[in-house]
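What follows is a set of notes on a single structure, which appears directly below.
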Amino acid sequence: MKVSKPRGTRDFLPEETARRRNVENIMRQVVNKWDYKEVITPTFENLELFTLKSGEGVIGELYNFSDKGDRKMALRPELTAPVMRMYVNEMQATPRPQKLFYFENCFRYERPQKGRFREFWQFGVEVIGSNRPDADAEIIALATTMLNAAGIKGDLHVGHLGIIRHMLKELEPDQQSKIMRLVDKKDDTGLEDYFEEINIPVELRRNLLELICVTGTDAIAKAREIVGDIEEIDKFEQILIFLDAYDIDYSINLGIARGLDYYTGMVFEIYAEGLGAQNQVCGGGSYQLIPLFGGGDVPSTGFGLGFDRIMEVCEIMPEKQKSVVIIATDETRTDAIKVATSMRKELTVYLDIMQRNFKTQLSHANNIGADYAVIVGKKEIESGKLTVKNMEIGDQSQLTLDEAIELIKNS
RNA sequence: GCCGGGGUAGGGUAGCGGUUAUCCUGUAGCCUUGUGGAGGCUACGAUCCGAGUUCGACUCUCGGUCCCGGCCCCA
C-alpha cells in the first residue's frame, strides 16, 4: 500500500456508512421530537478555548498546530467548549433556555484502542440557561431515549456534585478539586492519604467516605443522614422524581465526581455492555463554562454520546430500499437514460455505464443484488411497454412506465 | 507514556533459510449484445518499511510503522 490512512482514523465503506447514517438519523429524529435545534461550529478553534476549559495539560492530547499567521489552533477534541463559545459570541440575547444539539467529528491525539479513535464522532446536547431540576431530568431522559432508539441497553448512573461540594465548602478550592478528582478515580487509598496530608476533621473524613459509597433506592435518605437537610439534596431528589415520571431506570451513585471544576450539580454516566475497557457511551451533567469564556452567569446542562461506541454494539440495520437496474442495448442507451430519469422521480435506479452487453448487464444486476431489472430494448421501445423482471423470482411482465413504477414501489 | 499479540493479492488464508509463494473469494473480459445466479477459459493481484546475519531472507535478528487487546488518561 502506497499511502495509508493516518493512525486512529477509519474509512467507512458503503455498507458501514449506511449503518452509521441510519442510526444517526434515528437519533436525530429523537432530538427533533424534543425540539432541540442543531448547531455547527468550526472543526478547529483557537487553542486557548480548550486550554481555558481543561488546562494546559490537554495540549498533549490535542491535534494542535500553528497556522500561517502563527496563530495557535487545535482541532476540536469535543464540542461543549465550542458551543459555549458560540453562545457567548452570538447567542447571549436569545431566549432562554436554548436547547441545542450537534453531531460532529472530534479529534484527540491518543493511543487508539477498542472504542477509541483519533477521529471520532460525538452526538451531543446542551441546554443553556436553566439550572432547574427539570432541565437536568430532561437531559438524562433525552440521552436515555436516544440510546433506546438506537437499541442500546445502557446502565444509567446518576449523581450530584452539589452534595459533596456542600460538605467540602469549608476547604480551600484547590483542596476541593483534588478530592473531587480522587473520588472520580475511586482512588480510596489516595483519598485517605490526602486526608491525612491536609489533616481534615475526622468527622468530615468519615462522612465523605460514607457519602461516596451511597447507592440504592434509599440513597436520598442516607445522604440526608450524613449531610443533613440541604438544598442540593432537595434538588437531586426532584430530579429523581422527574426521572420516575419519565419512567427511566437509574442507579444513584454519589461517587460520580467528574473531576473537573466546571461541573456544578447533577452528573450522569451511561455504560453499555460488550465494549471492553471503553464501555462508557454517554456522560453528562450540569456545568458552568460561560463565565470562563467571557459571558455572563448562565448555567448549562448537557451530555455527549460516543457515537462510535454506540455503533460498535448497535445491531440496527438500515432498511434496504428496492433497487432497480436498467438493462439496455447499444441502440437503446439514450432511451434508457430517459427511462431512468423518469423512474428516478419515484425510485432508486441504477444505470449501466460500462457499455456491457445484455447478458453481462443482467449478470451484473444480479451481482449487485438488484431487486428488479427493467429491460429497455428495441422491442420495448417499439411496443411502448417495458419488460420488468423480478430478479428474485425470475418472472417478468410487459408494463408501461407508470405501471412499472407502481409495481416496484408496491412490492 | 507503558505492556502483550499481530502484519503474505481488494477480502480471507497456507507455508517455508533456496517453492513458478498455497488455496478460497473478488474484479474485468470471453464462452454469438434479448435474459442473471452454475460451469469453463483468460487477465489483474501479495510477503508492511528499513537495516543486519547469510552464498541465499517472506522465513532469523534489530529498529520503525500500522493494526488488535490491556494499563494510564478520558474534556
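None of the values given here were measured: they were computed from a predicted structure. Lettering follows sequence order; numbering is per chain, from 1.
- Within the structure, side-chain hydrogen bond (donor to acceptor under 3.5 Å, both in side chains) contacts touching residues 335-344 of chain A (residues at least two apart or in different chains) do not occur.
- The partner of B/rC44 is B/rG26, by the rule that a Watson-Crick or G-U pair needs both atom distances under 3.5 Å.
- Among pairs with a residue in residues 7-18 of chain A, those fulfilling salt bridge (Lys or Arg N to Asp or Glu O under 4.0 Å) read A/Arg10-A/Asp308, A/Glu16-A/Arg19, at least two apart in sequence or across chains.
- Only the C1' atoms considered, B/rU13 is 13 Å distant from B/rU47, to the nearest whole Å.
- Remark: B/rG63 base-pairs with B/rC49; criterion is Watson-Crick or G-U wobble with both hydrogen-bond distances under 3.5 Å.
- Within the nucleic acid shown, A/Phe50 has no heavy atom closer than 4.0 Å to any nucleic acid atom.
- Taking atom NZ of A/Lys186 as the reference point, atom P of B/rC72 lies 13 Å away to the nearest angstrom.
- Two rings, from A/Phe120 and A/Phe307, have their centers 6.0 Å or more apart.
- In this structure, the CD atom of A/Glu15 is 13 Å from the C1' atom of B/rG11, given to the nearest Å.
- Between B/rG10 and B/rG26, the distance separating the two C1' atoms is 7 Å to the nearest Å.
- Cation-pi contact between A/Arg118 and A/Phe107: absent, since separation from the ring centre below 6.0 Å together with deviation from the ring axis within 45° is not met.
- Regarding A/Arg116, its CZ atom lies at a distance of 6 Å from the C1' atom of B/rC73, rounded to whole Å.
- Rounded to whole Å, atom C1' of B/rC74 lies 11 Å from atom OH of A/Tyr263.
- Pairs engaging residues 44-97 of chain A under the ring-ring contact (aromatic ring centres under 6.0 Å, His included) rule: A/Tyr63-A/Tyr109 [sequence neighbours left out].
- The aromatic rings of A/Tyr263 and A/Tyr287 lie perpendicular to each other, with more than 60° between the two planes, well past the 30° mark.
- B/rG4 sits 48 Å from B/rA38 when the P atoms are compared, rounded to a whole Å.
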If you look only at distance, which donor and acceptor atoms sit under 3.5 Å apart when one is on a side chain in residues 312-320 of chain A and the other is two or more places apart or in another chain?
residue, atom, partner, partner atom, Å
A/Glu312, OE2, A/Lys114, NZ, 3.3
A/Lys320, NZ, A/Asp371, OD2, 3.2

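- Rounded to whole Å, the C1' atom of B/rU22 lies 11 Å from the corresponding atom of B/rC16.
- Figure legend. B/rU33 is base-paired to no nucleotide; pairs are counted as Watson-Crick or G-U wobble with both atom distances under 3.5 Å.
- The CG atom of A/Leu289 sits 10 Å away from the C1' atom of B/rA75 (whole-angstrom rounding).
- Atom CG in A/Leu47 sits roughly 14 Å away from atom C1' in B/rA75 (whole-Å rounding).
- Counting only residues at least two apart or in different chains, side-chain hydrogen bond (donor to acceptor under 3.5 Å, both in side chains) contacts with residues 137-146 of chain A comprise A/Tyr36-A/Glu138, A/Lys99-A/Glu138.
- Pair check for B/rA21 finds none; no Watson-Crick or G-U wobble contact set falls under 3.5 Å.
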Contact letters for nucleotides 64-69 of chain B, in which S counts primed atoms plus P, OP1 and OP2 and B counts the base, heavy atoms under 4.0 Å: --SS-S
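- Listed by chain and number, the residues in a side chain to side chain donor-acceptor pair (under 3.5 Å) with A/Gln176 amount to none (sequence neighbours excluded).
- Partners of A/Glu38 under the side chain to side chain donor-acceptor pair (under 3.5 Å) rule, at least two apart in sequence or in another chain, are A/Arg28.
- The interatomic distance linking A/Ile368 (CD1) with B/rG26 (C1') rounds to 16 Å, in whole Å.
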Would you give a per-nucleotide map of nucleotides 32-41 of chain B, 5' to 3', where B means the base has a protein non-hydrogen atom under 4.0 Å away, S means only the sugar-phosphate does, and - means neither? -BBBBB----
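- With both pairing distances under 3.5 Å, B/rC72 is matched to nothing as a Watson-Crick or G-U wobble pair.
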